[in-house]
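By convention in this document, chain letters (A, B, ...) are assigned in the order of the sequence lines, proteins followed by strands, and residues within each chain are numbered from 1. These figures come from a predicted structure and were not determined experimentally.
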2 protein chains.
Amino acid sequence: MSRAFVSKTQKRSPSEDFLRMVAERFRVLGEPMRLRILHALIDGEKSVTELVEATGATQANVSRHLQTLAGTGILGRRKEGLRVFYRIRDQSVLDLCDHVCGSLDRDLRERTKALR
Amino acid sequence: MSRAFVSKTQKRSPSEDFLRMVAERFRVLGEPMRLRILHALIDGEKSVTELVEATGATQANVSRHLQTLAGTGILGRRKEGLRVFYRIRDQSVLDLCDHVCGSLDRDLRERTKALR
DNA sequence: CTGTTATATACGTATCAAATCATATAGTTG
DNA sequence: CAACTATATGATTTGATACGTATATAACAG
């Protein structure tokens, strides 16, 4: 596996631009509502209206978050008549989420244990 | 592997609190300066002053980011005399970064290819 | 064309976070 | 004790962004 952040071969620190791009990816995932949208798309593509129902947010808000998610390539867009369907474009983003969930779990367990 | 975000067994959507916690983890990683600090800590613990030198940021700013990173359990703290040393507490956070770097790479390649 | 539906966006507001400066705190040295 | 060093934090400014309301755009139906 090639490591771009933790490079075994080159010690040079990442460029400003590179760090900005990586940070942007994380930042996009750093909003509960966007995670909710992502979760709603796990079992396949959905239209904006369906996502509005699934999330309970306003149409405008969902639409904006969808632009953000699609803008960074996390979601794909497909137009069909009046409706626009969004889908998870790179399933590996779900691995990311699970990774974070896993370490969150571990930390919560550790803290619980520390309380006794 | 247990999946907390993408659960095969339960379809119930994640609670508000859970999503907030997951989002917070991503958000913490969503700042270039914090990634820079993280990168500086790859080859072992460093004092605040060393991190100030490595990142080029002000002492106050580095200190604040360190509080943030330590607060979510990403970094560990060790006090020795006047100095405080920080270290990466859970190495798996580096996997996360590389994961993002990888998908970033893929997207950039795809866009480059699309230009031709 | 008119009306209707689905989605996107402009604008205003409120909130939050990053950075800086100045200062406080804690540990060390003499 | 005073002076010094390393780190943390309060106060402020500034910039970003999430959300709501209203409106614009686009596709379709009649």
Visitor: So if I define the base as every atom that isn't primed, P, OP1 or OP2, how would nucleotides 21-30 of chain D read as a B/S/- string at a heavy-atom cutoff under 4.0 Å?
Guide: BB---BBS--
Visitor: Enumerate the residues from residues 70-77 of chain A whose closest heavy atom to DNA chain D is under 4.0 Å, giving them by residue number; use none for an empty result.
Guide: none
Visitor: Just by distance, with hydrogens left out, do A:Arg25 and B:Ser103 show a side-chain donor and acceptor under 3.5 Å apart?
Guide: yes
Visitor: Could you check B:Leu69, B:Asp98, B:Thr72, B:Leu29 and say which one makes a side chain to side chain contact (heavy atoms under 4.5 Å, CB included) with B:Val93?
Guide: B:Leu29
Visitor: Hey, is A:Arg36 close enough to A:Glu31 for a salt bridge, meaning N to O under 4.0 Å?
Guide: no
Visitor: Checking the side chain of B:Lys46 only, and the main-chain atoms of B:Ala40 only, is there a donor and an acceptor separated by less than 3.5 Å?
Guide: yes
Visitor: Could you give all pairs that pass the side-chain hydrogen bond (donor to acceptor under 3.5 Å, both in side chains) test and reach residues 49-60 of chain A, with sequence neighbours left out?
Guide: A:Ser47-A:Glu50
Visitor: Donor-acceptor pair, distance only, cut-off 3.5 Å: does the side chain of A:Asp90 make one with the backbone of A:Gly73?
Guide: no
Visitor: Can you tell me how far C1' of D:dT7 sits from NE2 of B:His65, to the nearest Å?
Guide: 16 Å
Visitor: If you look at every strand shown and take non-hydrogen atoms under 4.0 Å, does B:Tyr86 touch a base, only sugar-phosphate, or nothing?
Guide: sugar-phosphate
Visitor: So which one's nearest nucleotide on DNA chain D is more toward 5', A:Thr68 or B:Ser47?
Guide: B:Ser47
Visitor: Tell me the closest heavy-atom pair linking B:Ala57 and B:Val52, and the distance in Å.
Guide: O-CG1, 3.3 Å
Visitor: Locate the shortest heavy-atom distance separating A:Arg34 from A:Arg27; write the atom from each residue and the value.
Guide: NH2-O, 3.7 Å
